[in-house]
Novice: 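Dropping the structure in here first, questions after.
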Amino acid sequence: MESLASLVLFFTFTYLVFSLAKFICQRGQTCYMIDYECYKGNKEMKLDTEECARIVSRNKNLRIEDYKFLLKTIVNSGIGEETYGPKNIILGEEEQPKHVDSLSEMEAVFYDTLDSIFERSKISPSQVDILVVNVSLLSAVPSLTSRIINHYKMRSDIKAFNLSGMGCSASLVAIDLVQQLFKTHKKKLAIVVSSESMAGNWYCGRERSMMLSNCLFRVGGCSMLLTNDTARKNQSILKLKCVVRTHFGSNDEVYSCCMQVEDDQGYRGFRLTKSLTKAAARSLTKNLQILLPKVLPIREIIRYATLKTGSKINLKSGIEHFCVHPGGRAVIDEVGASLGLNEYDLEPARMALHRFGNTSAGGLWYVLGYMEAKKRLKKGDRILMISLGAGFKCNNCVWEVSRDLDGENVWKDVIEKYPPKMIVNPFLERYGWINDEVMGFRPEDIAQMLGFV
């Protein structure tokens, strides 16, 4: 009996110390999200089955086995009929992209999303104190932040940061940067803009590990309005609980699994190697070892620590929603399996991938938008955001929902159709013949079979 009492006393003391340490660590780290807005392209930018096949058929470097590989990849990608592509690619200018195409692509995302945020929040651009823009594959001069400052005539003392090369997890890097600035700058407003430039980065060669990006990546992005001003607490929709960033760039294999390079013919593109899933699993595990003790109840930590090896920690003891990076079907499946998530948990990521494709750093916010559109997010709920990106990085964070969320967003016109009862694969229906043993076709023959010549 005495030993039991000692054990209870020990766990009680541990819990109190843990709670006090948690309170001290989080003091002064207030970060609220007031609003966010995801980009939705126009109908001229849609990449349906026919348009994708048309673009593929233009690549004269491809052989029949390459066409097979591309179409099989598209069939298994989990991407639907209504994603958006760069206008210059749709117009057939992928081999000679212009700098102005990339700038126009980014400006459309920036100004469309920011205009909506400023209008809804009733906050003027001149009130913004901090601006962070992350676009990995475009580093312009003047910077992208400067273009936004010029467009909205923002203040001369605004603190502006332009992040490039940070990959699909860049959005949470930007959020973390803002949170760090909030520690020393009180009662401030911050804007984060996350997107990716596709217009100047379409791969025109035939190296398979570099073709994958054409199949998965699409145009998209998101802008967010953040504050640490407690007077604006009632305006907020989310409160940031914690951010954990892990980086495995010191490992050569992991470092090179996701890299922008030129192939042997001089075509520039983004190489995704077979080590990617291994890198993702390793970095996610390491990240969660640090993050979960910050957000799960102490009783679950103790339960997990005292059980035998092989038991899984119950994430749902402290987290209600899982915002998984919609990088591709394989990524979603792998994360879901490793964390023990069910189809309800993974539905938002799968549907974001189906409707909008992999929009890189902006992808998480389409997943969040789906949850909101489905009225899943209730006051007090906690959301785990999981992002993976080149480097190799895993950046995760947890948000707490400030109030029941049911606002209209980028999903408003289609949410009633999701999830579809059955996802018909138009690529497989129309191009199933690609699996036939047909050797020796030239690109012209393939184009003719596709009906484009």
Side-chain angles (χ1 to χ4, degrees), residues 33 36 38 76-80 82-83 168 171-172 220 222 237-238 241 277 280-281 284-285 287-288 291-292 295-297 300 303-304 311-359 362-388 394 396-425:
M33 179 176 289
Y36 71 102
C38 293
N76 295 313
S77 67
I79 293 177
E82 298 190 330
T83 61
C168 294
S171 191
L172 297 192
C222 181
I237 59 173
L238 301 172
K241 303 299 289 183
T277 52
L284 178 58
T285 299
N287 185 285
L288 292 180
L291 182 142
L292 292 182
V295 296
L296 295 186
E300 176 57 25
R303 184 199 69 81
Y304 176 71
S311 64
K312 281 194 173 184
I313 197 163
N314 180 16
L315 297 179
K316 295 180 182 179
S317 64
I319 298 165
E320 285 75 27
H321 308 283
F322 300 86
C323 204
V324 180
H325 169 56
R329 178 180 288 174
V331 172
I332 297 171
D333 289 346
E334 184 68 27
V335 171
S338 63
L339 299 184
L341 305 182
N342 57 36
E343 277 306 308
Y344 177 84
D345 300 322
L346 297 175
E347 179 187 305
R350 293 195 193 283
M351 296 305 104
L353 178 66
H354 182 267
R355 175 61 183 85
F356 295 99
N358 181 347
T359 54
L364 285 174
W365 308 102
Y366 291 94
V367 181
L368 181 70
Y370 183 89
M371 294 177 182
E372 182 179 5
K374 283 293 184 181
K375 298 180 173 55
R376 292 188 179 191
L377 304 179
K378 306 300 181 183
K379 183 178 180 179
D381 285 357
R382 286 144 299 183
I383 307 162
L384 171 60
M385 283 191 166
I386 299 172
S387 69
L388 303 158
C394 178
N396 299 338
C397 73
V398 174
W399 298 91
E400 183 179 298
V401 182
S402 302
R403 51 188 165 87
D404 292 358
L405 300 184
D406 58 358
E408 290 189 344
N409 58 32
V410 72
W411 287 92
K412 64 180 181 180
D413 295 331
V414 297
I415 193 61
E416 297 302 325
K417 302 176 183 177
Y418 281 87
K421 293 181 180 178
M422 182 177 67
I423 297 179
V424 179
N425 195 315

Novice: When rounded to the nearest 0.5 angstrom, what is the spacing between CD1 in I383 and CG in L377?
Specialist: 4.5 Å
Novice: Which value, rounded to the nearest 0.5 Å, describes the distance between I386 atom CD1 and I332 atom CD1?
Specialist: 11.0 Å
Novice: Got a donor-acceptor contact below 3.5 angstrom from the E300 side chain to the I313 backbone?
Specialist: no
Novice: Check whether any side-chain heavy atom of I237 lies under 4.5 Å from a side-chain heavy atom of V401, and answer yes or no.
Specialist: no
Novice: Output every pair passing side chain to side chain donor-acceptor pair (under 3.5 Å) with a member in residues 314-328, not counting sequence neighbours, ordered by first then second residue.
Specialist: K316-D345, E320-R382, H321-D381
Novice: Is the closest side-chain heavy-atom distance between L339 and L288 below 4.5 Å?
Specialist: yes
Novice: Which of parallel (below 30°), tilted (30 to 60°) and perpendicular (above 60°) describes Y366 and F356?
Specialist: tilted
Novice: Quick one: CG on L388 to OG1 on T277, what's the gap to the nearest 0.5 Å?
Specialist: 11.0 Å
Novice: Of W365, F322, W411, which is the lone residue that meets ring-ring contact (aromatic ring centres under 6.0 Å, His included) with Y370?
Specialist: W411
Novice: Quick one: list whatever passes salt bridge (charged side-chain N to carboxylate O under 4.0 Å, His left out) with D333, sequence neighbours left out.
Specialist: R350
Novice: If every non-hydrogen atom of K312 is compared with every non-hydrogen atom of A337, which pair is closest and at what distance?
Specialist: NZ-O, 3.1 Å
Novice: To check you understand the geometry: which heavy-atom pair defines the closest contact between G369 and N409, and what is its length?
Specialist: O-ND2, 2.9 Å
Novice: Answer yes or no: is there a donor N or O on one side and an acceptor on the other, between the side chain of K374 and the main chain of Y418, under 3.5 Å?
Specialist: yes
Novice: On a heavy-atom basis, which atom in S402 and which in K379 lie closest, and how many Å separate them?
Specialist: O-CG, 3.4 Å
Novice: How long is the span from the CG atom in L291 to the CG atom in N287, to the nearest 0.5 Å?
Specialist: 6.0 Å
Novice: M385 pairs by side chain to side chain contact (heavy atoms under 4.5 Å, CB included) with which of N396, V367, L364?
Specialist: L364
Novice: Which one of V410, L405, D406, D404 satisfies the side chain to side chain contact (heavy atoms under 4.5 Å, CB included) criterion with E372?
Specialist: L405
Novice: Between C397 and K241, is any pair of side-chain heavy atoms under 4.5 Å apart?
Specialist: no
Novice: Roughly how far, to the nearest 0.5 Å, is the CG atom of N342 from the CD atom of E347?
Specialist: 10.0 Å
Novice: One thing to verify: whether E82 and K417 come together as a salt bridge, which I'm taking to mean a side-chain N less than 4.0 angstrom from a carboxylate O.
Specialist: no
Novice: Rounded to the nearest 0.5 Å, how far does CG of N358 lie from SG of C168?
Specialist: 5.0 Å
Novice: How far apart are the closest heavy atoms of L353 and P326, and which atoms are they?
Specialist: CD1-O, 3.5 Å
